Novice: 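Can you read through this structure? Questions will come right after.
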Amino acid sequence: MTLTNDPIIRKVIRQRLATTHDGQDAVIVDELRVGRGSARIDVAVVNGLIDGFEIKSDKDTLERLERQAMLYGEIADRMTLVVGERHLDEAVQLIPDWWSVILARPHGESCRLRSLRKGHRNRSLSAWALVNMLERQELMTLLSIHSLQKGASRKIFSELADTATSGIKAKDIASFVKHVLKVRATFEVLHGWSAFARAAIICGPSSQGAGLL
């Protein structure tokens, strides 16, 4: 029996997303860090939203999926489970109902994707979790934009995060984080800087002109 695996599914997902978002102000990144690096969304599109894709191939296990779903639900506007048939029934029970579901089946040397469930927008984002996707200097920039930088240089990261979440609207934090992720992806593509993004794809010219921090 032929089984799906992560590299094959990831390649097909990235190709589909690159085609879908071609020419748009969007970036596609692999392994988007969440929870200060304690989890990583397999593939994510960042435009006006954070749209994540979690791959569970036939050769993967589901032991981390429930925790991953909890962490992703704090920062992702939309999520899609891309799952092999072997794990389909069990995996669907471990994710929230706002997630979309795509079935991946082997097809020659590749795989075919079939949409099984259309999810909806996540309305339970955490400003704290979004702030914690930032590095210290990025967070300092956010505070400066909102005139909250007084005494910031003497504070530890958690104190800076407290200042941000108490003094800045959640929608403004989310917008800034998405801008930062685009900037990181642009650095990765233009300069080979892969500290925060792997194998990024810049879908449109406007992403490269997003402005650097």
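Note that the structure is predicted; figures quoted are calculated from it, not measured.
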Novice: Check residues 143-162 and write down every donor-acceptor pair under 3.5 Å in which the side-chain atom is one partner and the other belongs to a residue at least two apart or another chain.
Specialist:
| unit_1 | atom_1 | unit_2 | atom_2 | d |
| --- | --- | --- | --- | --- |
| Lys155 | NZ | Thr163 | OG1 | 3.3 |
| Glu159 | OE1 | Ile156 | N | 3.0 |

Novice: Would you mind reporting whether Pro96 and Met79 have side-chain heavy atoms less than 4.5 Å apart?
Specialist: no
Novice: Indicate the atoms forming the closest heavy-atom contact of Ala104 with Thr4, along with that distance.
Specialist: O-CG2, 3.6 Å
Novice: With salt bridge (Lys or Arg N to Asp or Glu O under 4.0 Å) as the rule and sequence neighbours excluded, what pairs involving residues 92-110 come up?
Specialist: Glu85-Arg105
Novice: Test of understanding: with side chain to side chain contact (heavy atoms under 4.5 Å, CB included), list the residues that count as partners of Asn122, not counting sequence neighbours.
Specialist: Trp98, Ser124, Leu125
Novice: Minimum heavy-atom separation for Leu81 to Val92, with atom names?
Specialist: CD2-N, 4.5 Å
Novice: Using 4.0 Å as the upper bound for N to carboxylate O, is an ion pair formed by Glu54 and Arg64?
Specialist: no
Novice: Restricting to non-hydrogen atoms, name the atom on Ala26 and the atom on Asn47 that form the minimum distance, rounded to 0.1 Å.
Specialist: CB-CB, 3.8 Å
Novice: Have a look at Asp30 and tell me which of Arg10, Lys11, Arg40 forms a salt bridge (Lys or Arg N to Asp or Glu O under 4.0 Å) with it.
Specialist: Arg10
Novice: Salt bridge or not for Asp60 and Lys56, using N-O below 4.0 Å?
Specialist: no
Novice: Out of curiosity, Ile9 CD1 to Lys59 NZ, how far, rounded to the nearest 0.5 Å?
Specialist: 10.5 Å
Novice: Decide yes or no for Leu65 and Glu90: does some side-chain heavy atom of the first lie under 4.5 Å from some side-chain heavy atom of the second?
Specialist: no
Novice: Going hydrophobic residue to hydrophobic residue with side-chain gaps under 4.5 angstrom, can you get from Ile95 over to Leu71?
Specialist: yes
Novice: Quick one: CD1 on Ile201 to CD on Gln15, what's the gap to the nearest 0.5 Å?
Specialist: 9.0 Å
Novice: Which residue, Leu142, Leu134, Val46, Thr141, forms the side chain to side chain contact (heavy atoms under 4.5 Å, CB included) with Val180?
Specialist: Leu134
Novice: To the closest 0.5 Å, what do you measure between OG (Ser126) and CD1 (Ile75)?
Specialist: 10.0 Å
Novice: Are the side chains of Met133 and Leu32 in touch, meaning some heavy atoms are under 4.5 Å apart?
Specialist: yes
Novice: Does any donor atom in the side chain of Ser57 or Asp6 lie under 3.5 Å from an acceptor atom in the other side chain?
Specialist: no
Novice: Are Lys182 and Asp25 packed together at the side-chain level, in the sense that at least one heavy-atom pair is separated by less than 4.5 angstrom?
Specialist: yes
Novice: Could you name each residue pair satisfying salt bridge (Lys or Arg N to Asp or Glu O under 4.0 Å) that touches residues 110-122, not counting sequence neighbours?
Specialist: Asp77-Arg121
Novice: Applying side chain to side chain contact (heavy atoms under 4.5 Å, CB included), can you list everything that pairs with Thr80, at least two apart in sequence or on another chain?
Specialist: Phe53, Val82, Ser100, Ile102
Novice: Do Glu31 and Ile41 touch side chain to side chain, with heavy atoms closer than 4.5 Å?
Specialist: no
Novice: Donor-acceptor pairs under 3.5 Å, side chain of residues 168-175 to any protein atom, not counting sequence neighbours: which ones?
Specialist:
none

Novice: Just verifying a value: how many Å separate Leu113 CG and Arg16 CZ, rounded to the nearest 0.5 Å?
Specialist: 4.5 Å
Novice: Would a hydrophobic clustering, with Ile, Leu, Val, Met, Phe, Trp and Tyr connected at side-chain separations under 4.5 Å, put Leu94 with Met70?
Specialist: yes
Novice: Heavy atoms only: give me the nearest Leu103-Gly84 pair and the separation to one decimal.
Specialist: CD1-C, 4.0 Å
Novice: Does the side chain of Leu181 come within less than 4.5 Å of Val29's, by heavy atoms?
Specialist: no
Novice: What's the shortest heavy-atom distance between Gly48 and Lys178, and which atoms?
Specialist: O-NZ, 3.1 Å
Novice: Got a donor-acceptor contact below 3.5 angstrom from the Asp22 side chain to the Ala18 backbone?
Specialist: no
